[in-house]
Structures are given as structure tokens and as C-alpha cells.
2 protein chains.
Amino acid sequence: MAGSRRGRQSPTLVELAEAAGCSTSLASIVMRGAPGASDATRKRVMEAAESIGYRPDERARSLRRSSSGLIGVAYHVAEPFHADLVEGLYGTEGDGFDLVLGAMVPGRDVEHTIEPLLRQRCEAIILIGSMLPVARLRRIREEVPLVLVARQVRAAGIDVVRTDDRGGQRLATEHLIGLGHRAIAYIDGGQHPGAAIRRRSFRDTMAAHGLSDQARVIPGGNTEEEGIRATRRILDEGEPPTAIAAFNDRAATGVLTMLVRAGLRVPEDVSVIGFDDARIARTAVTPLTTIRQDTTLMAHVARERAAGLARQRFVAGEQVLVPELTERESTAPARPDH
Amino acid sequence: MAGSRRGRQSPTLVELAEAAGCSTSLASIVMRGAPGASDATRKRVMEAAESIGYRPDERARSLRRSSSGLIGVAYHVAEPFHADLVEGLYGTEGDGFDLVLGAMVPGRDVEHTIEPLLRQRCEAIILIGSMLPVARLRRIREEVPLVLVARQVRAAGIDVVRTDDRGGQRLATEHLIGLGHRAIAYIDGGQHPGAAIRRRSFRDTMAAHGLSDQARVIPGGNTEEEGIRATRRILDEGEPPTAIAAFNDRAATGVLTMLVRAGLRVPEDVSVIGFDDARIARTAVTPLTTIRQDTTLMAHVARERAAGLARQRFVAGEQVLVPELTERESTAPARPDH
DNA sequence: GTTTAATACTAGAACGTTCTAGTACTGATT
DNA sequence: AATCAGTACTAGAACGTTCTAGTATTAAAC
């Protein structure tokens, strides 16, 4: 019971050294696995540590070392896509860095989130899917190396890891066109990262196929709710398109929801395509055809970049990953009568 | 550009004191808003801090103070319900504690997650929805006050904040019975927190209404995928029940998905009820009737408990919150012909 | 004009580590 | 027998704060 520890501090290196009958320096060497201790001593110290319940104080360690060995990660807790990326970040250990999470929640913006990370002297910060204006990103960049994930930004000094949104959206749009669809609606992602590029890519691809007049862009968002609203709006306005592309899988799921509610079948009546290949894509009412972003790889690269930037082995740049089409059941050839 | 800071350390209190022309003690007093400095000095120091870009080093602060002022939070990143709780935890500031997040991801279990929190000398740990056996919880409890959220455990010294799962599931089951349903399937949550209690509550409630022979419990889980699988199994086995209750909203969403895929209508053919009132409940194909757990309140209470336990103002106990039925569109009276 | 009380300020010792610069010992090399 | 190289170990100064115990300075009280 912790009751027995009430008020007691946890044992320090000094107490460990005492228990093991050696100097704190030696105990320290053993605890961090540095060279300079005999095997016998190592064993003795480790046993003493075990027996007194010694646990190194990370604050003191970090303070004393010249570098904190910390990479900060700022992400939106409620965003499943971010959660996937965070999971991926933990996959790659062994670069000598620990991760410190900074949660963005409503009312706690990027600056608020990053401040504690900087106060812990994180050596680099991975910022996931932030909509922050470039000027403010620049200000952060002045304090610490910054890796921006899943968003494009052309500003010197800011490292970027992202998917080729333009290529991805082209893939999606051409998939639909290839299936014979002509009247295609695109549900936009508003201000969200990547939205502007995907929107433009949709328009450009439609234009390239001479379908500009059939291309409709509907205001949307990145949530199921916004997908639902946008689709309702489409349906309210009369003859629905034969295909709908959405900014991301969450919005696409909202599209599916609304179509089912309206009694339309997917893909028989309307084809739907998403973006991300999020977890929910598989379990949607109709398994979603979508553009796959490899979150594991993105996370891997992001961490590598952050570590490299912190150690000044890299110069900031842009890593663009190639997305691919994942065909499931929500898209099908346009029916001839349309 | 951070390039200009290459290799430069961030300014320390000593440099701040120098810049402001006072002692470090005084600069410290100003920076932490402690009494003992004149208004003029405060202004001068603050301006100096601003001008040299001083930012207190949290590691040093925490190390020096007798208490770290940290509460650790261990949660599953990929679990939306946990994300809601984490959001809630940030809502209540002003207790003098900062939150440190510990992410549980596949391959990184509770112990791995908690270790870094302890190394930062968190004064209490909030553990969300862990399935850890009591013995191991006890071991953690020996090191630090522990608040267990969304799970019942009867072990001295472990603080618990949970919803009344038994009452909640009774509410759900009786809602269905009250609508005239008799053949009701329950999709179980397996080993997940609360699952055992909800399962038993379902059985007991059915029994109390003389419906034991109509009560079916199907192995399931806490994800959409498992909801789908369980429902497929139900449909494969012949005459479907007129109502399905699921362990949580994610599983219930899977149920909806599978029912739609099978061409059944909700609630006309089958009523479905979930648990949690997660975000996805509203945007499900058919808006889910569900049992609402107030995550904001739970988070609020959990934080309060953690802070109180850390400061030794509370003795560990159990806080049980009352859930309520949220009626949406996925439940309706049983059709007479059933 | 001395005491008292309060306010503004400071020196310097912590906090729990790491790390540099050293000492003491061993065994091999000349 | 003296030198060297290597291994095992240690003393003690950092790291950047907070906090205790103080010293001046001023204002009020008699």
C-alpha cells in the first residue's frame, strides 16, 4: 500500500549507492548502462536498485544531460487520423528520444499545447495536422525545429512530411471518371490541412477531362456531421450526382449515412470515395473505396526527421509520400441511364 | 530562424536576472508570481523576460519543488471514448497540476506507459479503461495514488470513478422490454472494462421480466468490426431477434452496419441500443438510442480525485455516476407480428 | 529618535542526476 | 624495476530552478 510511503520520497541515487556500497557516480554508471563498471558491481547495484525500489528521476536526468532527449508531439486527441499517427510514432523507438504528448482540445490551441513542450526543452516538435497560419508556424520554428505532418507549407526552415494530396485526389477523381461518372460532387474540407490542394486537384482533374461544368464543390468539413450536412444539401438541390468524393473518410462516412437515410444505394445509385483509408473505412456501411495514406510510414518518417533535425543532421525539407487507391465496395461503374 | 540559435541554449534565470539587473531569486519570484517583488520590478523583469525570450525550464522547476505538480494520464490513443475523457480532463484547470499523457498503443502496455510517468514523479495517475488484473493494479498503487476510470474494481486503496454500468444496462434492457421486445440479443464486450457487469445486468434484467429463455448473449467486443461479426453470426443462425443491445456504441454501430448490409431496417425490423453516447452515436446510419455516460463529468471528477489523492486530502473510494437513457431513432416498439 | 513592522531584495544551499578529471589498482611491456 | 595501458572506481562541480534565512530600506508608532 502506498499508505506506507505516505510522505516518503522515492529513493535517490545517493540512497542506492549507499545500499550498494559504492559511490553515486558508479551507481549512475550502472543505472544508465554506461561503460566503466565491473560485472560484479553491475549485478550488485542492480540488485540493490530492485530491492530498494529505485527509479531514476527523469527530470534530474534530463536537466543534467546537455540535451533533454525529448521530442514533442502536438495532436488533436479527438481526431482518429491523428491517433493513428501517434500510434505510429511509438512504433519506431531506439533513436534515443522519448516522446512527449501535447493534446490539442477545443479551447487549447497549438500555442497553448506547445508551450509546456518547450518548457520541458523538447529538442524538436512534431505538429500533426495543424491549421496554423504560416507566420505563427514561423514563430514556433524560431524556438525549436518543427516537423509539420500532413500539411503542406512552403516556408524555409519548416520540415514537412505529407502525402501527395494533389496526386491522391487526382487518383480518386480519375477512378470515378474511369468508372464512367460525369456528374461528380466534391465535399470540401474547408480550412483543414490539405483541403485547399485536394479541392484544386479535383477541379483540375475534372477540367483535364473536360468535365468542368459537371464538377460541383460543396462546402463540408472533416467530420461525419459535416459530411451528412453537405450530402443533405446535395440531395435537397435536386438531381443528385452519380458520384461523390469527400475530403476524408469521416466526411465520406457521413455521406454514406445520409445516402442510406435518403434511401439511396451505394454504389448502385451513387458511388462514394473518401481519403485517408482511416480505420472506419472498412467498417462503414458500405466499405469505403478511398485513398490510402500510410500513417505508419508517415509517422516513421516524421520521427526520423524530428530526431535528425534535433541532432542537426538534416536540413529542413519536404518529404512527400505517395498515396494509393484502395478499392472497396463504395464505388462502381456509373449506370448507363444516368 | 532557429538557425540563428544553433547550439545556443535558451536563456536561463541567471541571464534573465542579469538582463533585468536583479538577483535570480527576485527574478524567480516574479516569474512564478510569488509575493515579494515591487510592481516596478515585476514590470522590469517581465519586460526583460520578453526581450531575451526567457522561458522557465519546467524540469528544473519540478525538480526543485518538493512536489512535481504532475498528474499522469494513461489512455488508449485509438479509443474515441478515452479521447473524450482526455478532452474532459483538460477542461478543469486551476488545481495547480499539469497533465502528462501516457499513450497506450498496441505493444505498449500499461506498465510500459506508466513507467515514464513515474520517472517524471507524477503525484497521481489516472488510468483510463484498463483491463489490467487487480494484482498488477495493486502493484502500481504501491508506488503512486491511482484513479481508475470507467472500470469497477474492489481493492482497497484504488480510487475508482465509473458509471453505474449495472444500472445503465438495466435502463437499456428495460427500454427495449418496455417497447414490447422479447427476443433480445446482447453483444458482449468480452474482457473490456464494464463488460462483465453489463452482461450480468442484461441477464438479470431479462430474468427479472421472465425473459431468461429469450436472452441471448453473443461474444463481441468494443469495436465496429466485432459488432459486425457478432451481428453476422446472429443473422446466420436464423430468425433474428427483434432487438439487439450492444456493449458500446462502436459495437452498436457495427450492428447497424451489418443490419443495413443485410437489408434489414432499423428500427422497423430490429431495434438497436448502444452504450456510452459516444460522438459517433449521433452520426450513425440510424442515430443511436444509447446510454449516456457523461464523459465531461467523469473527467472532472477523476481529475479532482487525482489531485485530492496526491495532496492526501482524500482517502481512496468509489465515485459512481448515474447514466441516463438517450433516445434517438434506433429503437421503436416491437411489431405485433413478431 | 528609538523601536516595530512591513516591504523589497539577495546569498547560497538544496533538488537528483551526469560528467569531467582525477586516483588506485592490476598486469603486461620494456 | 620502472613505465605504460587499461580497468574500476570516486570527488565534486555542474544543470536551472526554488526556497530558507537572512540584510537593507522605508514607514508607522510611540
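Just so it is clear: chains get the letters A, B, ... in the order the sequence lines come, proteins before strands, and each one is counted from 1. Quick caveat: nothing in here was measured; it's all calculated off a predicted structure.
When each of B/Leu63 and B/Ile29 is assigned the nucleotide of DNA chain C with its nearest heavy atom, B/Ile29 is the one assigned upstream, toward the 5' end. Projected onto DNA chain D by closest heavy-atom contact, A/Thr24 and A/Asp39 fall at different nucleotides, the more 5' of which corresponds to A/Asp39. When each of A/Arg32 and B/Ala27 is assigned the nucleotide of DNA chain C with its nearest heavy atom, B/Ala27 is the one assigned upstream, toward the 5' end.
Tested against B/Arg141 for a side chain to side chain contact (heavy atoms under 4.5 Å, CB included), the candidates B/Asp159, B/Ile125, B/Ile158 yield a single pass: B/Ile158. Among the candidates B/Arg119, B/Arg59, B/Arg121, the single residue satisfying the salt bridge (Lys or Arg N to Asp or Glu O under 4.0 Å) test with A/Asp57 is B/Arg121.
Taking the side chain of A/Ser38 as heavy atoms from C-beta on, and the options D/dC9, C/dT17, D/dT17, the nearest nucleotide is D/dC9. For B/Arg121, taking side-chain heavy atoms from C-beta onward, the closest of the listed nucleotides D/dT17, C/dT17, C/dC9 is C/dT17.
The separation between A/Arg61 atom CZ and D/dT17 atom P is 21 Å, rounded to whole Å. For B/Glu18 and C/dT10, the CD to P distance is 13 Å, given to the nearest whole Å. Protein atom CG of B/Leu13 is 17 Å distant from nucleotide atom P of C/dG12, rounded to whole Å. Atoms CZ (A/Arg59) and C1' (D/dC15) sit 14 Å apart, rounded to a whole Å. In this structure, B/Asp57 atom CG and D/dG16 atom C1' are separated by 6 Å, rounded to whole Å. For the pair B/Arg65 CZ and D/dC15 P, the computed distance is 21 Å after rounding to whole Å. Atoms OH (B/Tyr54) and P (D/dG16) sit 10 Å apart, rounded to a whole Å. Remark: P of D/dG16 and CD of B/Glu15 are 8 Å apart, rounded to the nearest angstrom.
The salt bridge (Lys or Arg N to Asp or Glu O under 4.0 Å) pairs that include a residue from residues 66-78 of chain B number zero, where partners must be two or more places apart or lie in different chains.
A close approach under 4.0 Å does occur between a side-chain nitrogen or oxygen of B/Thr41 and OP1 or OP2 of C/dC9. Using a 4.0 Å cut-off, no side-chain N or O of A/Thr12 falls inside it from OP1 or OP2 of C/dG16.
Between the side chain of B/Ser25 and the base of C/dG12, a donor-acceptor pair under 3.5 Å is found.
Looking only at atom types and distance, the side chain of A/Ser25 has no donor-acceptor partner in the side chain of A/Ser28 under 3.5 Å away.
A donor-acceptor pair is defined here as one N or O able to donate and one able to accept, closer than 3.5 Å; no such pair exists between the side chain of A/Thr41 and the backbone of A/Ala37.
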